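See structure below.
Keep in mind the model is a prediction, meaning the values are calculated, not measured. For the numbers below, each heavy atom of this structure counts, side chains included, while hydrogens, waters and symmetry mates do not.
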Amino acid sequence: MGSDPPVETGAVRLLMPMIDGHRRPHGPYTVASALLHHLVPGVLERSPELVAAHDIEIRAAAPGLRRLVPARRVSVDAALPEDERILVPAPRRTLRLANGLAEFVREAVTPGRTLVVCNGAETDPTDAELLDVMTRRIPPGVLTVVVYEGGPEPAPDTRGPAELWQVVDRCVHEGFLHAVAELGPRGLEAAEPGGELWWRFAQRTATALGGLGRSEEAREVWARARRCSQDPAVHAAAAYGLAMLDARHPDPARRDLGRAREWVNEAIAISTLLPDPFERAFKLGFDRNGLALVELREGRPEAALALVESALELAGELGERHPLHRLVLHANRGRLLAGLGRTKEALAEYTAAIALDPGFPDHYLDRGNLLARLGLPDEALADYESAIRAGPPMPEAYYNRAELRISRDDTEGALADLGRVLELDPGYVDAYINRAGLLAALERDEDAWADVRAGLALAPGDPHLLVVRGQLETAAGQLEEARATLDAAIARAPWLAAAWGNRGVLRFAQGDAEGAVDDLAQAIGLDPHPDLYANRAVALRSLGRTAEAEADEERAAGG
């Protein structure tokens, strides 16, 4: 990134005039919107299917193009009134959008062009992420992306509270949480304290801050709402919001489940007294679902399930209203039932959630995972592929499909999926772990080493990666280094069978057959895999323990 844009671009073949990326005039995806307005009309003429394949991303980043780009993949919340759109997308949604947009741009541009952006230091995080993804994923020969930190200062933002609200509401719906966290406080200062618009700003701002992990700032907004209002619905919502800050804190060590219970009990007490029966049924069910999270994290899944089921009973009083609320409750009941081993009922709940919104990908993943555990790989695969089709590129769906393919010995398919995961999200440590293990098993040691190094750079000391490194060091004859690596893996994860198994193989190679038997016994106790029995049989035979070796050989053969 340079400092200031040049006065002239010279012989550079510009894709379009330089884009001013400052977020102040236009907000999230300022760069993306300008780029899409330049590209989409022409692509619609020559390749409408490419536009259709990226409808969600284009409509999210460039709302001005919605009249040209019909919604092909639609979620149920698109048609709901404001008070029923209760789901706030997770911050990772913008990474999915950025990957989809980068793939669209890569296919849409004429190769050999340059995109120039100024005011790069003032872009919204959505654009900063997009520019990073485009730079990483689009070869320079296709599109060179040049970003300058500086640029002209835009005019002051004079939007009033009603105009700010339109932006904030859209940003919450799309998951542009950084913009909400920035614009929401401005709305709070401009709106009448305690009024309806002020409260809407407060609720959205606190929710966004909590979603970004800025818990103390969110807590202060909820406290301001309690100070400014005597409305029982406001106090119930604020109490619920405060409870979730404690129950959902990203650092488990900083969760205060006792205080969360205090707050959510207050929310339930207030919601019970709300005069409107529909509002009471919705808010009370919402609060009970929150208390279920506290119960679950305190180790009482049965109590959590009872609360979710009572919330579902209350949802029955809402008629056709609040489908997203019912969707959440069915999905939560599914997770709890799955955790309690009631798999058939869990499948039914996930199916009910999917029926309420077939365009929401996450529940396909949940149901697919359960189907895979039940030994129904074809059905699981169908769900993973439904998740892939339902929205912008989703690393988790490809990762889950890769795991399924590993279980079916489809190594090449799994490697392709894991490569796709890391293309979409280079920080996905588990994908490095699985791919490194597959590559090592294929004796593609150089590629496996690259994944081990990349994974350990992200997660130093990860025991799974240490195991693969130990395998590679063993294969390279670096036995002392391998022993130190596997010792470290066992010290970090004594529950990891692969660490004990690989150290057992190593100890046998070092001439320590007794130690090998001990390590392999530990591994078998954790995971009685046939290969472990086979390896222990070899060590036992070398010690003259023939009967034990024969028993292990029978186990290895499935006898």
Taking the side chain as C-beta and beyond, is there a heavy-atom pair between V133 and L95 under 4.5 Å? yes
Taking side-chain contact (heavy atoms from CB on, under 4.5 Å) as the test, write out the residues that go with R444, two or more places apart. L415, L439, L442, D447
In sequence, state the C-alpha distance, the side-chain angles, and the governing distance for L143 and T114, and then conclude on side chain to side chain contact (heavy atoms under 4.5 Å, CB included). CA-CA 6 Å; L143 180 69; T114 296; 5.8 Å; no
Would you mind reporting whether V467 and H464 have side-chain heavy atoms less than 4.5 Å apart? no
pair E379-D383: side-chain heavy atoms closer than 4.5 Å: no
Mind checking what makes salt bridge (Lys or Arg N to Asp or Glu O under 4.0 Å) contact with R401, not counting sequence neighbours? E385, D417
Scan residues 423-454 for pairs that pass ring pair (Phe, Tyr, Trp, His ring centres under 6.0 Å), counting only residues two or more places apart or in two chains. Y399-Y428
For the side chain of W500 and the backbone of P494, is there at least one donor-acceptor N/O pair under 3.5 Å apart? yes
Measuring only between side-chain heavy atoms, which start at C-beta, is L340 closer than 4.5 Å to L305? yes
Partner set under salt bridge (Lys or Arg N to Asp or Glu O under 4.0 Å) for D366, not counting sequence neighbours: R335
Under a 3.5 Å distance rule, please check whether T474 uses its side chain to pair with a backbone N or O of G470 as donor and acceptor. yes
Any Lys/Arg nitrogen of R483 or D487 sitting under 4.0 Å from an Asp/Glu carboxylate oxygen of the other? yes
Pairs satisfying ring pair (Phe, Tyr, Trp, His ring centres under 6.0 Å), at least one member in residues 525-554, at least two apart: none
Going by heavy atoms in the side chains, are L456 and R469 under 4.5 Å from each other? yes
Considering residues at least two apart in sequence or located in another chain, which fulfil the salt bridge (Lys or Arg N to Asp or Glu O under 4.0 Å) criterion with D132? none
Ring pair (Phe, Tyr, Trp, His ring centres under 6.0 Å) pairs, two or more places apart, involving residues 348-382: F360-H363
Donor-acceptor check, side chain of N400 to backbone of Y384, threshold 3.5 angstrom: yes or no? no
The salt bridge (Lys or Arg N to Asp or Glu O under 4.0 Å) partners of D519 (sequence neighbours excluded) come to R503, R507
Residues R545, E550: salt bridge by 4.0 Å N-O rule: no
Residue pairs, two or more places apart or on separate chains, that pass salt bridge (charged side-chain N to carboxylate O under 4.0 Å, His left out) and touch residues 345-361: R333-E349, R342-E345
Sole candidate of V51, I58, V109 that passes side chain to side chain contact (heavy atoms under 4.5 Å, CB included) when paired with L39: V109
Quick one: do D425 and R92 make a salt bridge, cutoff under 4.0 Å? yes
Indicate yes or no: at least one non-hydrogen side-chain atom of V88 is less than 4.5 angstrom from one of L177. yes
Side-chain donor-acceptor pair under 3.5 Å between R389 and S386, yes or no? yes
So ring pair (Phe, Tyr, Trp, His ring centres under 6.0 Å) across residues 87-107, not counting sequence neighbours, yields H54-F104
Got a sec, which pairs hit side-chain hydrogen bond (donor to acceptor under 3.5 Å, both in side chains) with one end in residues 100-109, sequence neighbours left out? E103-R137, E103-R420
Could you go step by step and tell me if L296 and R300 meet the side chain to side chain contact (heavy atoms under 4.5 Å, CB included) rule? CA-CA 5 Å; L296 179 63; R300 290 185 288 274; over 6 Å; no
Could you go through the side chain to side chain contact (heavy atoms under 4.5 Å, CB included) check for H178 and T126 one step at a time? CA-CA 8 Å; H178 290 92; T126 54; over 6 Å; no
Which residues satisfy the ring-ring contact (aromatic ring centres under 6.0 Å, His included) test with F176, sequence neighbours excluded? Y29
For a salt bridge (Lys or Arg N to Asp or Glu O under 4.0 Å) check, start with the C-alpha distance between R255 and E298, then their side-chain angles and the critical distance, and finish with the verdict. CA-CA 11 Å; R255 291 173 187 158; E298 288 186 336; over 6 Å; no
Going by atom types only, do R541 and T546 share a side-chain donor-acceptor pair under 3.5 Å? no
For T351 and R367, run side-chain hydrogen bond (donor to acceptor under 3.5 Å, both in side chains): C-alpha distance rounded to whole Å, both residues' side-chain angles, the deciding distance at 0.1 Å, then the answer. CA-CA 8 Å; T351 300; R367 191 174 68 177; 3.0 Å; yes
Apply side chain to side chain contact (heavy atoms under 4.5 Å, CB included) to E122 and E149, showing your working. CA-CA 8 Å; E122 299 296 335; E149 290 185 354; over 6 Å; no
Quick check: does any side chain N or O of D512 sit under 3.5 Å from a backbone N or O of G515, one acting as donor and the other as acceptor? yes
Any side-chain heavy-atom pair of R136 and P426 under 4.5 Å: yes
Lys/Arg N to Asp/Glu carboxylate O, D410 vs R405, below 4.0 Å: yes
